[in-house]
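Structure first, commentary second.
Note: hydrogens, waters and symmetry copies are ignored here, and every other heavy atom, side chains too, is used. For ligands, and for the atoms within them, numbers begin at 1 and follow the listed sequence.
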Amino acid sequence: MQGGNLEAVGLRFEVDGEIATITLDRPDKRNAQTFALWSALAGIGETLPEQVRVVVVKGEGPSFSAGIDLSMFGQMTGATDLERRIEEFQQAFLWLRRPEIVSIAAVQGHAIGAGFQLALSCDLRIVADDVKFCMKEPALGLVPDLTGTKPLVELVGLAKAVDICLTARTVGAEEAYRIGLAERVVARDELDQAVQDKAAELLSVDRDAAAATKRLLQGARGRTLEDQCAAERAEQIERLRSLARLAEVRR
Ligand code: CAA
């Protein structure tokens, strides 16, 4: 999707070298997310330039995102083929976990429902001290279905995830940091710089080793120790062979 079309759905997309920045850009509507925005996000994932290693997801204005645009609800209740449609919506969120990239959510103000889940889709969350996470779906008679339940449980544990989702309460910055939802809390006017600093740190390590390590880390929870050791060996052998090929070329 070209720049003009992205603007029409309330998105900006900029690539600067190895860093891509996606900005939810409908601040007057608190960056509420439409179906068209999800389709555009999935499109960005499909066409992400190969050189990109860090993807920053941020929101313009006072809130990261107030969640699904409430006007979308009417369109969903009467829709047919819901299984396929929800699967399509999930594509907007899934690609942010790819091993070849590290995604960072820069979160200020409200991150409600789909906004919370978008932040959860990213590998890292750096938040402003005014952040307000809220999984509001159960309060609306719905479940969180935009890929957020798995990372939430993995980050904070089942009991805390049950507490957060089934009360639809707000989680502020101090708690978010304490329970592992946020890697770092900074003042609102320091958020952009903190994210840039993290991006620079992430870019300081070898690209292929970073992707291989992320693959290992992502797979760790689902494997036995024995299988994880085997996966470490396989990735390391690939790395060593690749380094040897590189040394050969340089000689
Ligand atoms: N959808 C559509 N418009 C929204 C919106 C949303 N989710 N959230 C805010 N807006 C609009 C408001 O209608 C208002 O528009 P107008 O100026 O045209 O009246 C504008 O954004 C500013 O909103 P507020 O004046 O309410 O701003 P605030 O800063 O005082 O409050 C807020 C911000 C706490 C986020 C509040 O707007 C709010 O509670 N919004 C609704 C949040 C919500 O329920 N989201 C759905 C969660 S469920 C989900 O996302 C996942 C799912 O699939 C079910």
Side-chain angles (χ1 to χ4, degrees), residues 6-12 22-42 45 57-97 103 105-122 125 127-153 155-156 161-173 175-176 181-182 187-189 191:
L6 287 179
E7 197 182 315
V9 301
L11 269 183
R12 292 204 316 268
I22 297 170
T23 308
L24 307 186
D25 193 15
R26 214 160 57 114
D28 54 323
K29 296 292 178 192
R30 303 297 181 264
N31 300 322
Q33 301 173 30
T34 58
F35 300 153
L37 178 135
W38 290 339
S39 169
L41 265 182
V57 181
K58 58 192 276 196
E60 196 63 55
S63 297
F64 176 71
S65 172
I68 191 170
D69 189 311
L70 295 172
S71 69
M72 299 292 113
F73 278 145
Q75 297 180 37
M76 274 306 270
T77 40
T80 54
D81 204 3
L82 281 171
E83 163 73 27
R84 184 186 57 79
R85 292 207 72 192
I86 296 172
E87 193 175 6
E88 274 172 17
F89 300 154
Q90 290 171 334
Q91 301 313 308
F93 299 75
L94 279 175
W95 67 271
L96 289 160
R97 284 101 164 165
S103 48
V107 192
Q108 84 284 5
H110 290 98
I112 304 178
F116 191 1
Q117 295 192 70
L118 183 59
L120 284 166
S121 305
C122 292
R125 281 146 297 282
V127 306
D129 51 13
D130 67 348
V131 78
K132 294 179 192 69
F133 288 113
C134 171
M135 201 65 92
K136 196 167 174 188
E137 288 83 344
L140 301 173
L142 297 164
V143 301
D145 65 345
L146 298 167
T147 80
T149 55
K150 187 171 168 66
L152 183 65
V153 170
L155 285 166
V156 306
V162 167
D163 171 30
I164 290 168
C165 294
L166 275 60
T167 61
R169 70 178 175 84
T170 296
V171 177
E175 183 182 4
L181 259 184
R188 177 77 169 259
D189 59 359
L191 188 56

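Residues forming a salt bridge (charged side-chain N to carboxylate O under 4.0 Å, His left out) with K29 (at least two apart in sequence, or on another chain): none.
With hydrogens and angles left out, the side-chain atoms of T147 and R97 include a donor and acceptor closer than 3.5 Å. For the residue pair D25/T23, the side-chain donor-acceptor check at 3.5 Å is not satisfied.
Of the heavy atoms in L140, only side-chain atoms (C-beta onward) come closer than 4.0 Å to ligand 1. Of all the heavy atoms of K29, the ones lying under 4.0 Å from any atom of ligand 1 are found in both the backbone and the side chain. When non-hydrogen atoms are compared, ligand 1 lies under 4.0 Å from the backbone of A114 as well as from its side chain.
Put simply, atom 18 (O) of ligand 1 has protein non-hydrogen atoms near it, under 4.0 Å away. Closer than 4.0 Å to atom 27 (O) of ligand 1 lies at least one heavy atom of the protein. Distances from atom 50 (O) of ligand 1 to the protein include at least one heavy-atom value under 4.0 Å. Closer than 4.0 Å to atom 22 (C) of ligand 1 lies at least one heavy atom of the protein.
Cation-pi check for R85 over F35 is met; the charged atom lies under 6.0 angstrom from the ring centroid and within 45 degrees of its normal.
Two residues are said to be in side-chain contact when any heavy atoms from C-beta on lie closer than 4.5 Å; Q117 and Q33 fail this criterion.
Under a 4.0 Å criterion applied to the non-hydrogen atoms of F73, ligand 1 contributes the atoms 54 (C).
Salt bridge R12/E60: present, at least one basic N to carboxylate O contact under 4.0 Å.
Between atom 45 (N) of ligand 1 and the options G67, G113, A66, the minimum heavy-atom separation is to A66. Of the listed options N31, D69, L142, L142 places a heavy atom closest to atom 54 (C) of ligand 1.
Nearest protein neighbour of atom 53 (O) of ligand 1, counting heavy atoms only, is I68 CD1, 3.9 Å.
Across Q108 and A128, no two heavy atoms sit closer than the pair CB-CB, 3.8 Å.
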